[in-house]
Amino acid sequence: MEEIFKNIPVVSYEGAASKNKLAFKYYDANRIVLGKPMSEHLPFAMAWWHNLCATGADMFGVGTADKSFGAPIGTMEHAKAKVDAGFEFMQKLGIRYFCFHDVDLVPEAADIKETNRRLDEISDYILAKMKQTGVKCLWGTANMFGNPRYMNGAGSSNSADVFCFAAAQIKKALDITVKLGGKGYVFWGGREGYETLLNTDVALETENIARLMKMAVDYGRKIGFKGDFYIEPKPKEPMKHQYDFDAATAIGFLRAHGLDKDFKLNIEANHATLAGHTFEHELRIAAINGMLGSIDANQGDMLLGWDTDEFPYDVYTSTKCMYEVLKAGGVSGGFNFDAKTRRPSYTAEDMFYAFILGMDTFALGLLKAAALIEDGRIDKFVEQRYADYKTTEIGKKITSGKATLEELSAYAEKLGAPALPCSGRQEYLQSIFNEILFKN
């Protein structure tokens, strides 16, 4: 097969002092961090849709990047060219996983039977590449937001026929995910929400979403899918009121409908900020509920109110992310770069520079998060701040669940008035964070 990225060598680790644009400065796959190789802490994945499909088009203009890879766009020849390009790209960067939507892989036909035939053909082609290279599938999903039929969502659609079509897409996407050995399957509810209550039956829509997910779980287990299903929380965009607004909302939905045994969360940095949260907040909420599954590694622009899907470069954020991940014992999924180059960054080289940036940002975040944990001062402070609940009789009784309201009321009356809680020392802890972050 002819090389596609002819001027790009295999990208290797050269260290922070390197000025080589096509080298990693911090991502050293074999470096041991807290007992594990960096590559195991950071199982990176390429997002098929952005890296191989997105051209930089926006609401004001057509695309700037050529993603034809030498084949006519909209054909199966082009679908195979994307496979060739994607696997060469991943091999040159040392990326071990990819993830996909169904219609990222092939052009959607007018008839679903033909779309499915195309998916069978391309998945055979991908499977052969996987066997040749050792690259694996992280997760699959179905695009149930792009086609006009999904203007009101998929599971939340007011049309039973559209609901059935969504079920058919999910079935085939699950088939392909299992065929490719995917570790997970994602529900990204891109239009599962509403604009106004004047025309919306919220109860029916949310119940139907749950019904569709239950069908997916039943079918997936039936065909041998042993991985996790994921909900990817996302607020506001594109619907004004998204049913999967944030981690807490998604967890509540899963538990209310008995889906929490099969589902975890795929947390995205940009979605967290759109919900008015920090990335680390969403990770913490997922983790303490036992539902931290996989991560979309990107960032947004705080000055823009939409999902900009930028490649991550903020080391403060990546360090806080990796701190949460390490404290949670890692993720069952991986770190998928649901990120795209900026519109003026339109060359093939820019694709590589973007992934080097993202991989180095998370590698540096991992190193600094490990240093924070090894330093121990922040963990020790948090433990001491809540010491009452471990060292005092009344505190231990509260956390054991044995205390009664009457008993606590009597205890409070004896106190007269409690002393102020110990200082939170936020500024001191932030200074520790800076000290570790900028220590050579």
Side-chain angles (χ1 to χ4, degrees), residues 13 15-16 24-45 47 93-97 138 230 232-233 247 264-273 277-300 310-339 354-382 429-430 432-440:
Y13 169 74
F24 293 118
K25 314 306 185 295
Y26 300 101
Y27 179 67
D28 181 359
N30 298 315
R31 178 171 176 175
I32 303 299
V33 181
L34 298 182
K36 287 198 310 187
M38 188 175 280
S39 60
E40 291 186 24
H41 284 292
L42 297 168
F44 290 128
L93 281 162
I95 293 174
R96 298 184 295 152
Y97 294 95
L138 183 64
Y230 300 123
E232 183 170 322
K264 291 184 178 178
L265 302 187
N266 183 68
I267 299 295
E268 178 175 317
N270 200 169
H271 294 176
T273 52
H277 301 310
T278 61
F279 188 18
E280 60 269 23
H281 166 90
E282 291 291 87
L283 294 168
R284 178 76 64 91
I285 295 302
I288 64 174
N289 285 280
M291 290 191 183
L292 178 55
S294 198
I295 290 173
D296 275 13
N298 62 17
Q299 69 180 65
E310 297 184 30
F311 274 89
Y313 61 84
D314 183 343
V315 179
Y316 273 91
T317 298
S318 68
T319 299
K320 290 176 181 178
C321 165
M322 293 312 303
Y323 185 80
E324 297 299 326
V325 170
L326 290 173
K327 299 289 281 185
V331 291
S332 59
F335 290 78
N336 149 48
F337 284 112
D338 183 11
F355 271 79
I356 291 168
L357 168 65
M359 293 167 76
D360 268 346
T361 297
F362 269 86
L364 186 53
L366 169 65
L367 295 173
K368 294 302 182 180
L372 281 167
I373 290 171
E374 290 173 329
D375 176 80
R377 281 178 288 171
I378 291 178
D379 286 341
K380 184 177 180 181
F381 178 85
V382 173
L429 298 172
Q430 288 169 330
I432 292 175
F433 193 93
N434 279 352
E435 175 192 331
I436 298 295
L437 198 66
F438 294 100
K439 184 183 292 184
N440 292 329

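Along the sequence shown, residues carry numbers from 1.
Remark: side-chain polar atoms of Asn289 are paired, donor with acceptor, to backbone N or O of Ile285 under 3.5 angstrom. Looking at Ser294, its side chain does come within 3.5 Å of a backbone N or O of Gly334 through a donor-acceptor pair. Remark: side-chain polar atoms of Lys368 are paired, donor with acceptor, to backbone N or O of Leu437 under 3.5 angstrom. Between the side chain of Glu310 and the backbone N or O of Gln299 there is no donor-acceptor pair closer than 3.5 Å. Without hydrogens or angle criteria, His271 side chain to Glu232 main chain gives no donor-acceptor distance under 3.5 Å.
Atom NZ of Lys25 and atom OG1 of Thr361 lie 11.0 Å apart (nearest 0.5 Å). Rounding to the nearest 0.5 Å places OH of Tyr230 at 11.5 Å from CD1 of Ile267. With rounding to the nearest 0.5 angstrom, the CG atom of Asn266 is 9.5 Å from the CG atom of Leu292.
Using a 4.0 Å cut-off between charged nitrogen and carboxylate oxygen, Glu435 and Arg377 count as a salt-bridge pair.
Residues satisfying the side-chain hydrogen bond (donor to acceptor under 3.5 Å, both in side chains) criterion with Asp338, sequence neighbours excluded, are Trp49, His50. The side-chain hydrogen bond (donor to acceptor under 3.5 Å, both in side chains) search around Lys36 returns none, not counting sequence neighbours. With sequence neighbours left out, Glu324 forms a salt bridge (Lys or Arg N to Asp or Glu O under 4.0 Å) with Arg284.
Of the options Ile95, Leu364, Leu42, a side chain to side chain contact (heavy atoms under 4.5 Å, CB included) to Met359 is made by Ile95 and by none of the others.
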Glu268/Asn336 under side chain to side chain contact (heavy atoms under 4.5 Å, CB included): CA gap, chis, key distance, verdict: CA-CA 9 Å; Glu268 178 175 317; Asn336 149 48; over 6 Å; no
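In summary, the aromatic rings of Phe311 and Phe355 are positioned with their centroids under 6.0 Å apart. Ring centroids of Tyr26 and Tyr13 are separated by 6.0 Å or more, keeping the two rings apart.
Under the 30°/60° scheme for interplanar angles, the aromatic rings of Tyr316 and Phe433 are found to lie parallel.
Defined by atom type and a distance below 3.5 Å, a donor-acceptor pair is missing between the side-chain atoms of Asn270 and Asn298.
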